[in-house]
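Below is one structure; the comments refer to it alone.
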Amino acid sequence: MKISTREDVIRVVEEEDVEFIRLQFTDMLGNLKNIAVTASQLDRVLDNRCMFDGSAIDGFVKVEESDMYLHPDFTTLEIFPWRPQQGKVARMICDVHYPNGDPFEGDPRYVLKQAISEARALGYEFRVGPECEFFLFNTDENTLPTTQTHEQAGYFDIGPLDFGENARRDIVMTLEDMGLVVEASHHEMAPAQHEIDFRYDEALAAADNIMTFKLAVKTIAKRHGLHATFMPKPKYGVNGSGMHINMSLHRGDVNIFADKTDSLGLSREAYWFMGGIMKHIKGMAAITNPLVNSYKRLVPGYEAPVYIAWSATNRSPLIRIPSAKGEGTRIELRSPDSAANPYLTLAVCLRAGLDGIVNKIEPPKSVDGNIFAMTKQERISLGIEQLPGTLIEAVEELKKDTFICSSLGPHLAKKYVEAKEAEWHKYRCHVSEWEIEEYLYRY
C-alpha cells in the first residue's frame with residue numbers, strides 16, 4: 001500500500017473503515033508515545049493542528065512553552081493487524097513542531113533527519129539493516145511480567161525446545177502485514193531470547209521500522225500470555241540483547257563501501273567511516289547503550305563487545321566486517337543494545353562515520369585474534385581501548401565529545417545528559433539484593 005499524499009491517507013481511511021488513528025512519536029529516551037483521535041478529526045490531523053503538552057514528555061520543553069504540534073508523515077500510515085476488522089485502528093508516525101511551524105530540535109526523528117540531510121549534501125544515502133534481539137518471559141497470575149521461562153532452548157533451536165516459536169512466527173507475520181520485510185528470525189543464545197532481522201532500508205525508514213517492531217513484538221507477545229522485553233540484560237549469567245547495526249553508504253544503487261581491488265572488499269570511504277565511528281564510539285556509548293543495565297551486557301565472557309577494535313575474521317571486536325562482498329558490503333557495529341533510541345543511534349553513527357570520511361580518519365589495524373583471550377598487557381601493546389564500563393563513564397565521555405554533542409544538538413544533548421546523570425544517581429543510591437546477600441551477615 002503506497003501512500004504519499006494527503007488524498008491517499010483520506011482514501012485509505014475511508015476504504016478500510018478506519019475509525020481510530022494513533023499519532024505516534026518517540027521521546028528522547030526511545031519510548032513510543034501517541035495521541036489517539038477518531039477518523040472524524042482526520043482533516044485537523046492532516047492540517048498539522050493536533051496539539052499536545054510537550055512539558056509532559058522527557059527531554060521536551062518547559063511548562064511555559066509547552067504547546068507542541070504533531071505533523072504526520074503520510075508515508076507511515078499503517079493499519080494495526082491485531083485490532084478489530086470493523087472500525088479499524090491505524091497509525092501515523094509524526095514529527096514534532098513548535099506552534100510557529102519550526103521543527104522541534106529535541107525530537108529524535110528530527111535529529112536523524114538532520115544527519116541524513118548532511119549525508120545527502122555529500123552525495124550519500126545511508127542504508128541500515130538492524131538485528132533486533134529480545135526476551136519472551138512468562139507472566140505471573142496477575143499478568144505482570146517476570147524474568148522466568150520454562151524453556152532451555154539455545155542458538156537456532158526449534159520447537160518443541162523453543163517455547164516461543166509460535167509467538168515469534170505470529171510476530172513476523174504481523175510485521176509483514178504492516179509492510180516490513182523480515183529477512184530472518186530465530187531463537188538466540190539464551191533461553192527465551194529471540195532475534196528478528198529486517199531487510200536493508202533507508203535510515204529513517206529503518207528507525208521507524210524498529211519502533212514499529214517493538215510495539216508489534218510487545219503486543220503479540222501479550223496475546224500469547226508472554227512479556228516481551230528489550231531490557232539489555234534482564235538475567236544474570238546469560239547473554240544480553242543487542243541491536244547490531246549493519247551500515248553502508250550508497251550513491252544511487254551503488255554501494256560506495258565496496259571495492260573489489262581491496263583484500264577485504266572495502267573502499268577507502270568504508271575504512272574512513274569505520275575510523276570515524278571508532279574515534280567517537282566512547283562518546284556515542286551513552287546513546288547506543290543508554291541504561292545502567294546496558295553495561296551489565298558489555299562485560300567479558302559473553303558475545304557483546306567490550307573492546308574498541310575491528311575484524312573481518314572473528315566476532316569479538318566492536319566492529320565486524322561480514323563476508324558479503326559487492327553490493328552486500330557493509331560494516332556491522334555490535335555494541336548498540338535493544339534499549340537504544342534508534343533515531344539517535346543511527347544519527348550518531350552516521351555523523352561519526354561522515355566525520356571519518358570528511359577528515360579521512362584511518363582506523364587502527366584489524367585485530368583478528370580473540371581479544372577476550374588476550375592479557376591486559378597484550379591489549380595495551382596493540383593499542384586496544386575499552387568501551388565505557390558504566391553509564392556514568394559513558395555520560396562523561398559524551399560530555400567530552402563535543403562533536404557527538406553537536407550532532408545531538410545543544411537542546412537534546414543537555415537534556416539527555418541531565419536525564420542520564422539523574423538515572424545514575426538514582427541507581428547509585430539504591431541498595432540491591434546482591435549487597436544485602438553479600439554484606440548484611442558479614443558486617
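Taking CD1 of Ile319 as the reference point, atom CE of Met247 lies at 6.5 Å (rounded to 0.5 Å). Here the straight-line distance linking atom OG1 of Thr139 with atom NE2 of His224 works out to 13.0 Å at 0.5 Å rounding. Of the inter-residue distances, the one linking Arg22 atom CZ with Leu32 atom CG reads 10.0 Å to the nearest 0.5 angstrom. The OG1 atom of Thr390 sits 11.5 Å away from the CG atom of Asn289 when rounded to the nearest 0.5 Å.
For the pair Ser241 and Asp337, the tightest heavy-atom approach, listed with the atom from each and the gap, is O-CB, 3.5 Å. Pairing each heavy atom of Leu112 with each of Ala347, the nearest pair is CD1-N, 3.7 Å. Between Leu387 and Pro305, the shortest heavy-atom contact is CD1-O, 3.7 Å. Closest heavy-atom contact between Pro108 and Asp27: CG-O, 3.4 Å. The minimum heavy-atom distance linking Cys405 with Lys399 is given by the pair SG-CA, 4.3 Å. Contact record, Ala312 with Leu264: CB-CD2, 3.8 Å, taken as the closest heavy-atom pair.
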inquiry  = Set out, in order, the CA-CA distance, both residues' side-chain angles and the distance that settles side chain to side chain contact (heavy atoms under 4.5 Å, CB included) for His425 and Arg428, then state yes or no.
reply    = CA-CA 5 Å; His425 178 72; Arg428 193 169 64 87; 3.6 Å; yes
query = Hey, mind stepping through Ile331 and Ile321 against side chain to side chain contact (heavy atoms under 4.5 Å, CB included) and telling me if it holds?
reply = CA-CA 5 Å; Ile331 290 169; Ile321 308 302; 4.0 Å; yes
query = Should Glu165 and Arg169 be marked as a salt bridge (charged side-chain N to carboxylate O under 4.0 Å, His left out) after you check the CA-CA gap, both sets of side-chain angles, and the distance that decides it?
reply = CA-CA 6 Å; Glu165 187 176 57; Arg169 180 199 62 214; over 6 Å; no
message = Using side chain to side chain contact (heavy atoms under 4.5 Å, CB included), reason through Leu318 and Leu333 one step at a time and then give a plain yes or no.
response = CA-CA 6 Å; Leu318 170 76; Leu333 181 64; 3.8 Å; yes
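Within 6.0 Å of CG on Asp253 lie no more than 12 heavy atoms contributed by other residues, nucleotides or ligands. The number of heavy-atom neighbours closer than 6.0 Å to CZ of Arg199, taken from other residues, nucleotides and ligands shown, is 12 or below.
Of the possible polar contacts, one joining the Gln193 side chain to the Gly240 backbone as a donor-acceptor pair under 3.5 Å is found. For the pair Asp8 (side chain) and Ser4 (backbone), a donor-acceptor distance under 3.5 Å is present. Of the possible donor and acceptor atoms, none in the side chain of Asn209 sits under 3.5 Å from a partner among the backbone N and O of Leu180. Panel note: side chain Arg297, backbone Tyr302; no donor-acceptor pair is recorded below 3.5 Å. Put simply, the side chain of Asn239 never gets that close to the backbone of Met189: no donor and acceptor are under 3.5 Å apart. Here the side chain of Asp355 pairs no donor or acceptor atom with the backbone of Gly276 at under 3.5 angstrom. A donor-acceptor pair is defined here as one N or O able to donate and one able to accept, closer than 3.5 Å; such a pair exists between the side chain of Tyr416 and the backbone of Ala286. In this structure, the side chain of Lys415 does not engage the main chain of Ala413 through any donor-acceptor pair within 3.5 Å. The main-chain N or O of Glu303 is found under 3.5 Å from a side-chain atom of Arg334 such that the two form a donor-acceptor pair. Checked by atom type and distance alone, the side chain of Glu202 pairs as donor or acceptor with a backbone atom of Ala205 at under 3.5 Å.
Looking only at side-chain heavy atoms (C-beta outward), Ile79 and Asp177 stay at 4.5 Å or farther from each other. Two residues are said to be in side-chain contact when any heavy atoms from C-beta on lie closer than 4.5 Å; Leu122 and Ile357 fail this criterion. For the pair Asp201/Val128, no side-chain contact is recorded, criterion being any heavy-atom separation below 4.5 Å from C-beta on. Considering only heavy atoms from C-beta on, Pro72 comes within 4.5 Å of Asn48 through its side chain. A 4.5 Å side-chain heavy-atom check between Glu332 and Glu131 finds at least one atom pair inside the cut-off. Counting heavy atoms from C-beta on, the side chains of Asp47 and Arg44 never come closer than 4.5 Å. Glu105 has its side chain out of reach of Leu412: every pair of non-hydrogen atoms, C-beta onward, lies at least 4.5 Å apart. No side-chain heavy atom of Tyr124 sits under 4.5 Å from any side-chain heavy atom of Leu350.
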Side-chain donor-acceptor pairs of residues 225-238 under 3.5 Å, sequence neighbours excluded:
{"residue": "Thr229", "atom": "OG1", "partner": "Met231", "partner atom": "N", "Å": "3.1"}
{"residue": "Lys233", "atom": "NZ", "partner": "Val238", "partner atom": "O", "Å": "2.5"}
{"residue": "Lys235", "atom": "NZ", "partner": "Thr147", "partner atom": "O", "Å": "3.2"}

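With sequence neighbours left out, the ring-ring contact (aromatic ring centres under 6.0 Å, His included) criterion links Phe403 to His280. Partners of Glu7 by side-chain contact (heavy atoms from CB on, under 4.5 Å), not counting sequence neighbours, listed by chain and number: Thr5. Take Tyr200 and apply the ring-ring contact (aromatic ring centres under 6.0 Å, His included) test, not counting sequence neighbours, and it matches no residue. By the side chain to side chain donor-acceptor pair (under 3.5 Å) test, Ser248 pairs with His250, sequence neighbours left out. Residues passing the ring-ring contact (aromatic ring centres under 6.0 Å, His included) test with His194, sequence neighbours excluded: Phe134, His187. Listed by chain and number, the residues in a side chain to side chain donor-acceptor pair (under 3.5 Å) with Asp73 are Thr75, Arg109 (sequence neighbours excluded). Residues that satisfy the ring-ring contact (aromatic ring centres under 6.0 Å, His included) test with Phe137, not counting sequence neighbours, are Phe135. The side chain to side chain donor-acceptor pair (under 3.5 Å) search around Glu14 returns none, not counting sequence neighbours.
For the side-chain contact (heavy atoms from CB on, under 4.5 Å) with Val348, the qualifying choice from Leu398, Val111, Ile287 is Ile287, the only one to do so. For the pairing with Phe25, the ring-ring contact (aromatic ring centres under 6.0 Å, His included) check across Phe52, Tyr110, Phe104 returns one residue only, Phe52.
Of the charged side-chain nitrogens involved, none lies within less than 4.0 Å of a carboxylate oxygen, so that Asp401 and Lys279 do not count as a salt-bridged pair. Salt bridge Lys420/Glu423: present, at least one basic N to carboxylate O contact under 4.0 Å.
Under the 3.5 Å distance criterion, with hydrogens and angles disregarded, a donor-acceptor pair is assigned to the side chains of Ser432 and Glu435.
Pairs of residues two or more places apart, or lying in two chains, that qualify as ring pair (Phe, Tyr, Trp, His ring centres under 6.0 Å) and include a residue from residues 66-95 are His71-His97, Phe80-Trp82. Sequence neighbours left out, the pairs with a member in residues 343-352 that pass side-chain hydrogen bond (donor to acceptor under 3.5 Å, both in side chains) are Glu118-Arg351, Asp208-Tyr343. Every pair passing side-chain hydrogen bond (donor to acceptor under 3.5 Å, both in side chains) that includes a residue from residues 210-223 is listed here, sequence neighbours excluded: Arg91-Thr212.
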